[in-house]
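Ligands are counted one by one from 1 in listed order, and the atoms in each one are counted from 1 as well.
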Amino acid sequence: MLNIILFGPPGAGKGTQSAKLIDKYNLTHIATGDLFRMHLGEGTPLGLKAKEYMNEGLLVPDSIVIGMVEEKIATTPDPKGFIFDGFPRTVAQAEALDSMMSRNGMSINGMIALEVPDQELKVRIAERGKTSGRVDDQDPAKIEKRIQVYKDETLPVANYYDKKGKFVSINGVGSIEDIFFRIIHEIDKLS
Ligand code: AMP
């Protein structure tokens, strides 16, 4: 079973690459941002709560995120493996993920980080904002805020997995195919 975390700042290409990896390795995609947007679209209480944070570029509180991921794992029938995208985003989430994986007899094989310079992230997110309909992709101040939140709250998660010998970073600039091959190369070393 292959369980990987695709890591990186907003706009790094995690969603694009996840879609390709799911096909290749037959994995279940757990993208917390997508799950929140799905709840939001359905107008669930969880979605309405998350919206307050998402629209400001802030992190949704850990307890909400962790509960949602736990439910998704528990309700996936016969998983072949998971790809986590946009999760964990805090060390508390990483600890919770490790314990929920081990409770289910699984573990994280590795975290792959996509490295992209800030300036490129801003251009990519603004471009995505033209079609994504996402409030948080359209306002330069909110884009800036999300990158800052990533540096302050999420980057320590890289260190958390590095200490376990489960962290690798790759260059996230280039064509979608080139980046995909860099990721596959790292995954094939893990399994
Ligand atoms: P994303 O689609 O991954 O860029 O996530 C969009 C927004 O959803 C983020 O800016 C956060 O407000 C929220 N979000 C997504 N994943 C998480 C997470 N793991 N922890 C906290 N907030 C999250």
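The pair E186-K189 meets the salt-bridge criterion, with a side-chain N (NZ, NE, NH1 or NH2) lying under 4.0 Å from an Asp/Glu carboxylate O. By the 4.0 Å N-to-carboxylate-O rule, D137 lies close enough to R128 to be salt-bridged with it.
Residue contacts with ligand 1 include R134, since one of its heavy atoms falls under 4.0 Å from the ligand. At least one heavy atom of R37 sits less than 4.0 Å from an atom of ligand 1.
Cation-pi geometry between K166 and Y161 is not met at under 6.0 angstrom from the ring centre and within 45 degrees of the axis. Both the sub-6.0 Å distance and the 45° axial angle are not jointly satisfied by K164 relative to the ring of F167.
Annotation for ligand 1: atoms under 4.0 Å from non-hydrogen atoms of R146 are 4 (O). Within ligand 1, counting atoms from 1 as listed, the ones closer than 4.0 Å to a heavy atom of Q93 are 18 (C), 19 (N), 20 (N), 21 (C). Within ligand 1, counting atoms from 1 as listed, the ones closer than 4.0 Å to a heavy atom of M54 are 7 (C), 8 (O), 12 (O), 13 (C).
Atom 16 (N) of ligand 1 has as its closest protein heavy atom T32 OG1, 2.7 Å. The nearest protein atom to atom 22 (N) of ligand 1, hydrogens excluded, is given as V60 N, 3.0 Å; this is a heavy-atom distance. Regarding atom 18 (C) of ligand 1, its nearest protein heavy-atom neighbour is R89 CD, 3.4 Å.
The side-chain contact (heavy atoms from CB on, under 4.5 Å) test with I5 is passed by exactly one of L97, I83, I30, I112: L97.
The part of V65 lying near ligand 1 is the side chain, judged by heavy-atom distances below 4.0 Å.
For the pair G57 and ligand 1, the shortest N or O to N or O distance does not fall below 3.5 Å. Remark: ligand 1 and L58 share an N or O pair separated by less than 3.5 Å (distance only, no angle test). For ligand 1, the polar-atom distance check finds no N/O of Y53 at less than 3.5 Å from any of the ligand's N/O atoms. In terms of polar-atom proximity, D34 is not counted as a contact of ligand 1, lacking any N or O under 3.5 Å from an N or O of the ligand.
When side chains are defined from C-beta on, P61 counts as touching Y53, because their heavy atoms get closer than 4.5 Å.
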Report task. Please assess E42 against R37 for the test salt bridge (charged side-chain N to carboxylate O under 4.0 Å, His left out), listing each intermediate value before the final yes or no. Result -> CA-CA 9 Å; E42 291 171 0; R37 282 185 288 276; over 6 Å; no
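Under a cut-off of 6.0 angstrom, the local environment of NZ in K20 is crowded, with over 12 non-hydrogen atoms contributed by other residues, nucleotides or ligands.
Ring geometry for F7 versus Y150: interplanar angle of 30 to 60°, hence tilted.
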